[in-house]
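To keep things clear, I will list the structure first and then write my remarks on it.
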Amino acid sequence: MSMNHILRMGMAALAFMASAAPMAVSAQTLRVMEGSASGALNVPMNRAVVVESDRPFAELSIANPGIADISTLSETSIYVLGKAPGRTTLTLLGADGRLISNVDVHVTPDVAEFKERLRQILPGENIEVRTANDGIVLSGTVSSAERLDRALDLANRYAPDRVSNLMSVGGTQQVMLKVRFAEMQRSVAKSLGSSIYARNGSGSVIGGTGTLLQNGIPPSGAPITTAATGALGLGFSVGALEFSVLLEALESKGVVRTLAEPNLTALSGQEAKFLAGGEYPIPVASGDEKIAIEYKPFGVELNFTPVVVDGSQINLMINAAVSSIDNTVSLESAGFTINAFKRRETSTTVEMRDGESFAIAGLLQDDFRNLNGQVPWLGDIPILGALFRSAEYQRSQSELVIIVTPHLVTPTRGEALALPTDRIKLPSEKELFLFGRVTGRGAAGEVARQDFSGSYGYVME
């Protein structure tokens, strides 16, 4: 290694020590001039600071030894140790008993290490750390609620239960949740039955099976009635006996489509509720043997609590339901007829990003029923046994899926939002009574002429 290289390295080291030494001295010492100190003495808790006086002192005193402890290093140097957060006064007296200076001592929690750890764990966050009495005050703006929680958790490790949060979360903190309920129900039912009865010449019934026997034998010559969609009746006589045969056939198919798309907006961390439907009265027993009325909500219900975790990451606590009154099931109670409810409900917690979709619930149900009834022995007879048998076939399928999509949204001006009623114009008396129009001329007429058999709805960006 050349001599010039060694000299350059030495000069660089001396320059670094010269630049760093004043900072260390100014950070850990306080110079006291006669009559006053050059500034307040800030002492971190469990740390020591040196006080230097320009005059030799003969006596020292600290107002509150529980806050700070002192000891002499020389006749002009004092060692001050912070013990507990607070304020106290250090007094210096000369050999003649005259006051040299009163030094204001502030003992605060040691936040130097906390600041360093905060920069390591949350780099790039604009968080300011201050001390207040024996606690820590955090202020500034963080990028997400998750980072705010991390900063508070770290601060509580240095000052348990003594952290003041003045931070705010930047970015978009309002979430619009779009929920789609889509359900398809398909059903098929087929039935084929036959019945027969015989009557003697005096009109007395000898025997019978099936519908004719269950509904009562009609008088001779009267028409046969049945609830089936298709029926064929035959009658013939054998001597003094009259025979009647009834064949019934029924086939039915049905499709039910249910689609609900509730949208709801809420602030991050706040619960929002939505109900589009009504309330059904239900009688319940109350005191003194009286009947009270309670109301059960039904319709499209949505409760959710969004939390913007980090940037566009959204945590969702969702409770969504679609219910309707079921008129096929009822209960008689205390003179009231109470109907049952059909209800599809889910409650879950998921996490996704802005604009992503998640199928949080789904159901595929397939019910099958096959019933065959016959008269014993007679139904087993080949060909003729069909007159003594009946068969029923039923199958129903149901498919349900619930999809959620969150969006980070911000407010906009009211003029930019379109309402379903904006394009509808009320008709004038002339248009209503003379031409039979239910909407007036203009944009509403274009809406009235649209074909809603295809896609329809709205788009929100």
Side-chain angles (χ1 to χ4, degrees), residues 122 124-127 138-152 165-183 258-277 297 299-323 344-362 400-424 443 447 452 454-461:
L122 301 174
E125 296 294 342
N126 183 24
I127 302 177
L138 301 179
S139 60
T141 303
V142 293
S143 59
S144 67
E146 183 184 24
R147 290 177 172 257
L148 184 145
D149 293 337
R150 290 181 184 177
L152 292 177
N165 177 25
L166 302 180
M167 295 183 293
S168 60
V169 180
T172 303
Q173 295 297 308
Q174 296 185 99
V175 180
M176 185 192 74
L177 181 65
K178 180 179 180 180
V179 182
R180 286 175 286 175
F181 292 86
E183 182 178 14
T258 302
L259 178 64
E261 295 189 10
N263 294 341
L264 189 59
T265 303
L267 188 66
S268 175
Q270 302 296 318
E271 183 183 15
K273 298 182 179 181
F274 175 87
L275 172 63
V300 180
E301 301 176 65
L302 174 61
N303 298 349
F304 87 107
T305 303
V307 176
V308 181
V309 180
D310 189 5
S312 61
Q313 194 78 11
I314 305 171
N315 181 283
L316 296 172
M317 297 177 60
I318 308 170
N319 188 353
V322 172
S323 58
R344 282 80 73 199
E345 181 179 9
T346 181
S347 179
T348 184
T349 301
V350 293
E351 191 169 280
M352 65 192 80
R353 294 191 177 275
D354 176 24
E356 294 181 342
S357 297
F358 213 125
I360 61 172
L400 169 67
V401 65
I402 302 176
I403 301 175
V404 297
T405 305
H407 295 279
L408 293 174
V409 295
T410 55
T412 185
R413 297 182 60 87
E415 297 81 0
L417 299 178
L419 300 178
T421 57
D422 288 346
R423 300 181 64 189
I424 300 299
V447 177
F452 291 101
S455 300
Y456 64 97
Y458 53 88
V459 176
M460 299 185 67
E461 296 182 353

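All residue numbers refer to positions in the sequence shown, counting from 1. Fair warning: this is a prediction, and the values are worked out from it, not measured in the lab.
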For a 4.5 angstrom cut-off between non-hydrogen side-chain atoms, does [X] reach [Y]?
{"X": "I402", "Y": "V179", "result": "yes"}
{"X": "V404", "Y": "M352", "result": "yes"}
{"X": "P262", "Y": "F181", "result": "yes"}
{"X": "V142", "Y": "R150", "result": "no"}
{"X": "V175", "Y": "H407", "result": "no"}

Checklist entry - So T346 and I318, side chain to side chain contact (heavy atoms under 4.5 Å, CB included) or not? Walk me through it. => result CA-CA 8 Å; T346 181; I318 308 170; 5.6 Å; no
[X] versus [Y], closest heavy-atom pair with distance:
{"X": "L275", "Y": "P297", "answer": "CD2-CB, 3.9 Å"}
{"X": "A272", "Y": "T265", "answer": "CB-O, 4.2 Å"}
{"X": "L316", "Y": "P306", "answer": "CD2-CB, 3.8 Å"}
{"X": "L267", "Y": "Q173", "answer": "CD1-O, 3.4 Å"}
{"X": "R147", "Y": "L122", "answer": "O-CD1, 3.6 Å"}
{"X": "S268", "Y": "V308", "answer": "OG-N, 3.0 Å"}

Checklist entry - Looking at residues at least two apart in the chain, or sitting in another chain, which of them share a side chain to side chain contact (heavy atoms under 4.5 Å, CB included) with V401? => result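 A182, A359, I403.
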Checklist entry - Got a sec, which residues hit side chain to side chain contact (heavy atoms under 4.5 Å, CB included) with N319, two or more places apart in sequence or on another chain? => result N303, E345, S347
Next on the checklist: A quick test of your reading: do over 12 heavy atoms of other residues, nucleotides or ligands sit less than 6.0 Å from CZ of F274?
Outcome noted: yes
Quick one: [atom1] on [X] to [atom2] on [Y], what's the gap to the nearest 0.5 Å?
{"X": "D354", "Y": "T405", "atom1": "CG", "atom2": "OG1", "result": "10.5 Å"}
{"X": "R344", "Y": "S323", "atom1": "CZ", "atom2": "OG", "result": "8.0 Å"}
{"X": "T305", "Y": "L177", "atom1": "OG1", "atom2": "CG", "result": "10.5 Å"}
{"X": "N165", "Y": "L152", "atom1": "CG", "atom2": "CG", "result": "4.5 Å"}
{"X": "M176", "Y": "K178", "atom1": "CE", "atom2": "NZ", "result": "7.5 Å"}

